[in-house]
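Counting from 1, the numbers follow the sequence of the chain as shown. Reckoned from all heavy atoms, side chains included, excluding hydrogens, waters and symmetry mates.
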Amino acid sequence: FNPSLEQLTSTTGISQPLPPENNRAYEVGGKWDPIKALELTAAAFQITKYNSRSQNSDNTYSPNGTIRVQGVRFGAQGSLARGWQVYGGHTRLDARIVSAISVGAQGKIPLNTPKDSTTVWTTYELGHNLQIGGGAIYLSQRYLSNLDTVSAPGYTRFDATLAWRRPKYDVRLNLLNLLDAKSYDNLQQSDGGRAVAGAGRTAMITLVFRQ
């Protein structure tokens, strides 16, 4: 249960507040530990959202109708060997607008809902307090509006990290979007659909102290 004005937001195109969103979810899953330090998970689920709404670029909200998402997800996390940590996950979604407010939206894919998303990450302890790691993020095509007329293409982004880890502090270099892939961080349905581009190739150094 999620009321529409809990953060003093306003709506657009209607003269009264939107009704509260209601969610009904079913899920079944399992976990398997093939070795002591590695955990594998899988789940299937269905989520139905009634009175759904989406945010516009001016912070107002528009009503969508009823959305149903069916999907599966798989995950893995743990250690494959001493000093070698892995994490990964994949989600596949079948999302549909089953009851629409907007003309032409019924049966379409909801905005900003990728069919496939994958994350893979691994780190390895090199010794002498050094850690190296890297991974990838994949996101498939997403629509910028509930009419499925404008879309942002899918992308794959590769990242890497190098850290010097000490008991009292860490010095870390993160290299983001190594291949300078075109990505999209934020999608808005206003003005027929628009996308905010993600950052290009980026290097970032951080220093963390611990007491």
Taking all heavy atoms of [X] and all of [Y], pick out the closest pair and write down the distance.
X	Y	result
Arg166	Asp170	N-OD1, 3.6 Å
Leu179	Phe158	CD1-CD1, 3.7 Å
Pro20	Asn51	O-ND2, 3.1 Å
Leu175	Ala203	CD2-CB, 3.8 Å

Do any N or O atoms from the side chain of [X] and from the backbone of [Y] form a donor-acceptor pair under 3.5 angstrom?
X	Y	result
Glu21	Arg53	yes
Ser79	Trp84	yes
Ser151	Arg142	no
Ser52	Gly65	yes
Asp185	Val196	no

From [X] atom [atom1] to [Y] atom [atom2], the distance as rounded to the nearest 0.5 Å:
X	Y	atom1	atom2	result
Leu144	Asn112	CG	CG	8.0 Å
Gln85	Glu125	CD	CD	8.0 Å
Lys108	Leu147	NZ	CG	6.0 Å
Ile109	Asn146	CD1	CG	11.0 Å
Lys49	Arg24	NZ	CZ	14.5 Å
Ile97	Leu111	CD1	CG	8.0 Å

Would you indicate whether Lys115, at its atom NZ, is surrounded by more than 12 heavy atoms from other residues, nucleotides or ligands within a distance under 6.0 Å? no
Would you say Arg210 has more than 12 foreign heavy atoms packed within less than 6.0 Å of its CZ? yes
Heavy-atom side-chain contact between [X] and [Y] under 4.5 Å:
X	Y	value
Arg96	Arg68	no
Leu38	Leu80	yes
Arg92	Val72	yes
Asp159	Thr161	no
Thr202	Asn177	no
Phe45	Leu93	yes
Tyr184	Pro153	yes
Tyr155	Leu139	yes

Before giving the answer on side-chain hydrogen bond (donor to acceptor under 3.5 Å, both in side chains), spell out for Asn129 and Arg165 the whole-Å C-alpha distance, their side-chain angles and the decisive distance to 0.1 Å. CA-CA 5 Å; Asn129 303 306; Arg165 308 177 70 190; over 6 Å; no
Linked, directly or transitively: [X] and [Y] (ILVMFWY side chains, under 4.5 Å):
X	Y	value
Val171	Leu176	no
Leu40	Ile35	yes
Trp164	Leu207	yes
Tyr138	Leu178	no
Val86	Val120	no

Which word best sums up how the rings of Phe209 and Tyr169 line up, parallel for under 30°, tilted for 30 to 60°, or perpendicular for over 60°? tilted
